Amino acid sequence: MTESIIPNERERLHTLEAQVQVLAQAVRALTEGLEEIPSEDTDRDKQAARGARLAHELLLSQGL
């Protein structure tokens with residue numbers, strides 16, 4: 001037996017999938033900002049701040 005998804009549920013599912021994708025991108029930005037790469041001589045504070053700013057911008061762009 002297959003369940004049909006009514007339009008409202010389809011829209012909600014699409015919205016949820018988009019939000020999860022943005023959350024994943026935000027987490028990726030945060031982790032990359034905190035990642036320590038031994039071969040690179042970077043300013044850790046600036047790198048972390050950039051990752052946090054990018055994550056914040058991603059979340060704001062989606063109203064999260």
Side-chain angles (χ1 to χ4, degrees):
M1 182 164 96
T2 60
E3 288 186 40
S4 63
I5 298 177
I6 60 175
N8 188 34
E9 289 176 342
R10 184 174 291 134
E11 182 179 319
R12 288 176 57 200
L13 180 60
H14 177 71
T15 300
L16 180 61
E17 288 173 340
Q19 290 174 338
V20 168
Q21 185 175 19
V22 170
L23 286 172
Q25 290 172 342
V27 169
R28 188 177 310 115
L30 285 172
T31 57
E32 288 175 359
L34 296 173
E35 194 173 47
E36 190 170 335
I37 302 171
S39 63
E40 294 182 15
D41 188 24
T42 59
D43 185 354
R44 300 256 311 129
D45 290 337
K46 287 182 182 178
Q47 183 177 338
R50 181 183 176 283
R53 185 176 59 252
L54 179 56
H56 187 240
E57 290 171 359
L58 283 165
L59 295 173
L60 285 177
S61 73
Q62 295 298 312
L64 298 174

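Side-chain atoms are counted along with the backbone in the values below, which use heavy atoms only and exclude waters and symmetry mates. In this text the structure is predicted, and so the values were computed from the model without any measurement.
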Rounding to 0.5 Å, atoms CZ (Arg28) and CD (Glu35) come to a distance of 12.0 Å
Linking I/L/V/M/F/W/Y whenever any side-chain heavy atoms sit under 4.5 Å apart, do Leu54 and Leu64 land together? yes
Measure the spacing between CD of Glu17 and CG of Leu13 and express it to the nearest 0.5 Å. 4.0 Å
Between the CG atom in Leu60 and the CD atom in Glu57, the distance rounded to the nearest 0.5 Å is 8.0 Å
Got a second to check how far Leu34's CG is from Gln47's CD, nearest 0.5 Å? 8.0 Å
Restricting to non-hydrogen atoms, name the atom on Ala29 and the atom on Ala55 that form the minimum distance, rounded to 0.1 Å. CB-N, 4.0 Å
Would you compute the distance between atom CG of Leu16 and atom CD of Glu9 and round it to the nearest 0.5 angstrom? 12.5 Å
What distance separates Glu32 CD from Arg50 CZ, expressed to the nearest 0.5 Å? 8.5 Å
Dump the intermediate steps for side-chain contact (heavy atoms from CB on, under 4.5 Å) on Leu58 and Leu23, then the final yes or no. CA-CA 8 Å; Leu58 283 165; Leu23 286 172; over 6 Å; no
Looking only at heavy atoms, which two atoms of Leu30 and Ala52 are closest? And how far apart? CD2-CA, 3.7 Å
